[in-house]
Amino acid sequence: MAGALTIQLPNTPSAIALAGEREENLKTLAQQTGANIVLRGQELYISGTEKQIDLASRLVRSLEHLWSQGNNISSTDISTARHALDTHREDELQDLQRDVIARTRKSEEVRAKTFRQRQYIESLRKRDLTFCTGPAGTGKTFLAVVVAVQALLDNQFERLILTRPAVEAGERLGFLPGDLQQKVNPYLRPLYDAINEFIDPEKVPSLMERGVIEVAPLAYMRGRTLNNAFVIVDEAQNTTPAQMKMVLTRLGFRSRMVITGDITQTDLPLNQQSGLTVAIQILQKVEGIAFCEFSQKDVVRHPLVQRIVAAYEQYEK
């Protein structure tokens, strides 16, 4: 039996937040519930069957902590809320929405958008060694940098070290102009971008000169012991088993390390095993190590990215 329900939103910012850009959120809510959802001013009209209206109403209410404060809502937020309703995890959803990890320099809130992301953040805060694998756009590197920068600013660690293998640091890289640092900087650009979200870019060079922040290719880690540092090893799928063993054994006292990578996107030669894959197999049962695995459901970029990842996963199966 068809019916209708009207939800009165408190103000214009809440209506804008719930609707999303070009009302994308309303379209997603309609797709998730089968209901017809229309926003006129501050009034949300929901129509459809009794079951559709009930589900849509509960889904909108489960997101109230976000839209009532005018916070941006993504399709991932809606998918997570729907999953929470289906699995009776409403209390966990409220905790997830309230846990603000950090604020960017533009005062934008950073928080986990999926339950797996929240599990990852907990591991980053508590475990000395965390492995995180998953497709592009799941926040593996960004969330690690967020937690690391906050820990650095709170004086939990003396240094933040970000490193990744420069897989073309051989002959082909030699043709590029500049010294080694200039040659590998393009590989490290995503790490600089994440840092600049939280620390004024003008202050970063000074922190790097003093050794408080170090962004370097993996080869620079050899022969060192990294004490009192938060270490992020990015793009670890491009390490060899020997390189991975080397960097894991750099972990010093009062330090924490996170290893991130996408094992489906290795740039190594076809006959070369990935150090990330080998390490996960070897260390799976070692006490004190956390393993987090993201899927396309954890992609928090443009919704199309999630569909692209899902299509590739299906093709590769």
Side-chain angles (χ1 to χ4, degrees), residues 101-102 104-105 110 120-121 123-132 139-170 173 176 178-240 242-261 267 275-276 279 289-290:
I101 311 159
T104 67
R105 291 186 300 109
V110 178
Y120 178 43
I121 290 164
S123 297
L124 291 171
R125 286 169 169 169
K126 296 177 181 178
R127 298 294 187 97
D128 287 341
L129 179 58
T130 299
F131 284 85
C132 183
K140 302 183 299 294
T141 304
F142 182 73
L143 291 175
V145 171
V146 171
V147 174
V149 168
Q150 293 306 305
L152 184 71
L153 297 176
D154 291 341
N155 297 313
Q156 294 178 34
F157 301 93
E158 290 180 354
R159 293 183 293 163
L160 168 55
I161 298 174
L162 304 103
T163 183
R164 67 192 296 189
V167 290
E168 298 202 350
L173 202 60
L176 295 175
D179 59 23
L180 179 60
Q181 191 62 46
Q182 289 172 316
K183 289 177 180 181
V184 299
N185 269 348
Y187 292 95
L188 306 172
R189 186 73 254 168
L191 302 178
Y192 286 115
D193 291 344
I195 290 172
N196 290 342
E197 287 279 338
F198 303 94
I199 299 176
D200 188 336
E202 294 181 1
K203 295 180 180 178
V204 173
S206 171
L207 292 170
M208 294 181 74
E209 285 176 17
R210 288 158 41 206
V212 177
I213 294 177
E214 180 179 351
V215 185
L218 195 66
Y220 281 31
M221 301 299 115
R222 192 172 298 280
R224 301 172 59 185
T225 301
L226 308 175
N227 291 322
N228 209 345
F230 197 119
V231 185
I232 298 173
V233 182
D234 191 36
E235 299 287 346
Q237 76 275 6
N238 289 329
T239 61
T240 64
Q243 286 175 323
M244 178 59 76
K245 183 180 178 182
M246 177 275 290
V247 75
L248 289 173
T249 53
R250 300 307 94 200
L251 188 64
F253 292 107
R254 301 179 306 283
S255 288
R256 190 169 298 166
M257 183 180 287
V258 56
I259 313 287
T260 72
D267 295 314
L276 177 59
I289 301 177

Check your understanding: Who pairs with R254 by side chain to side chain donor-acceptor pair (under 3.5 Å), at least two apart in sequence or on another chain?
Key -> none

Review point. Is T225 close to F253 at the side-chain level, that is, under 4.5 Å between some pair of heavy atoms?
Key: no

Point to revise | Set of salt bridge (charged side-chain N to carboxylate O under 4.0 Å, His left out) partners for R224, sequence neighbours left out | key: E214

Check your understanding: When you measure from the side chain of R164 to the backbone N and O of V233, does any donor-acceptor pair fall under 3.5 Å?
Key -> no

Point to revise | CA sep, side-chain torsions, deciding dist, call: M257, D128, side-chain contact (heavy atoms from CB on, under 4.5 Å) | key: CA-CA 6 Å; M257 183 180 287; D128 287 341; over 6 Å; no

Study note, to complete from the structure: The side chain to side chain donor-acceptor pair (under 3.5 Å) partners of T163 (sequence neighbours excluded) come to none

Study note, to complete from the structure: Between the CD1 atom in I232 and the CD atom in E235, the distance rounded to the nearest 0.5 Å is 13.0 Å

Check your understanding: Got a sec, which pairs hit side chain to side chain donor-acceptor pair (under 3.5 Å) with one end in residues 197-207, sequence neighbours left out?
Key -> none

Exercise for review: Can you sort out the partners of V204 under side chain to side chain contact (heavy atoms under 4.5 Å, CB included), two or more places apart, ordered by chain and number?
Suggested key: I195, N196, I199, M208

**Study point:** Within-4.5 Å side-chain heavy-atom neighbours: L152 and I213
**Key:** yes

Check your understanding: How far apart are the closest heavy atoms of A216 and M221, and which atoms are they?
Key -> CB-CE, 4.2 Å

Review point. With a 4.5 Å heavy-atom cut-off, do L124 and V146 have their side chains touching?
Key: no

Review point. Can you list the steps and then say if L226 with L251 is a side-chain contact (heavy atoms from CB on, under 4.5 Å)?
Key: CA-CA 5 Å; L226 308 175; L251 188 64; over 6 Å; no

Point to revise | Contact check, side chains of I259 and L248, non-hydrogen atoms, under 4.5 Å | key: yes

Check your understanding: Any side-chain heavy atom of V212 within less than 4.5 Å of one from L160?
Key -> no

Exercise for review: Over all heavy atoms of both residues, which pair between M244 and A236 is shortest? Give the atoms and the distance, please.
Suggested key: CE-CB, 3.8 Å

Practice item. Could you walk me through whether M246 and L218 pass the side-chain contact (heavy atoms from CB on, under 4.5 Å) test, one step at a time? Key: CA-CA 9 Å; M246 177 275 290; L218 195 66; 4.2 Å; yes

Review point. Got V247 and T239 here, is their nearest side-chain heavy-atom distance under 4.5 Å?
Key: no

Exercise for review: Please check if the side chain of Q243 supplies one atom and the backbone of T240 the other of a donor-acceptor pair under 3.5 Å.
Suggested key: yes

Review point. Does P165 offer a backbone N or O that forms a donor-acceptor pair with the side chain of N238 under 3.5 Å?
Key: no

Revision key, fill the gap. Closest non-hydrogen atoms of A229 and S255, given as atom of the first, atom of the second and distance, are N-OG, 2.9 Å

Review point. Any side-chain heavy atom of R105 within less than 4.5 Å of one from P201?
Key: yes

Practice item. Could you tell me the separation between the CG atom of D193 and the CZ atom of F142, rounded to the nearest 0.5 Å? Key: 10.5 Å

**Study point:** Closest heavy-atom pair and its distance - Y120, C132
**Key:** CE1-CB, 3.4 Å

Study note, to complete from the structure: Sequence neighbours excluded, the answer for side chain to side chain donor-acceptor pair (under 3.5 Å) partners of N228 is E158

Point to revise | Criterion side-chain contact (heavy atoms from CB on, under 4.5 Å) on T104 and V110, from CA distance to verdict | key: CA-CA 7 Å; T104 67; V110 178; 3.8 Å; yes

Review point. Going from CZ on R222 to OG1 on T249, what distance comes out if it is rounded to the nearest 0.5 angstrom?
Key: 9.0 Å

Check your understanding: Are side-chain heavy atoms of F230 and I161 found at a separation under 4.5 Å?
Key -> no

Point to revise | Over all atoms of both residues, closest heavy-atom pair of A102 and Q150 | key: CB-NE2, 3.4 Å

Check your understanding: Ignoring hydrogens and geometry, is there a side-chain-to-backbone donor-acceptor pair from R256 to A148 under 3.5 Å?
Key -> no

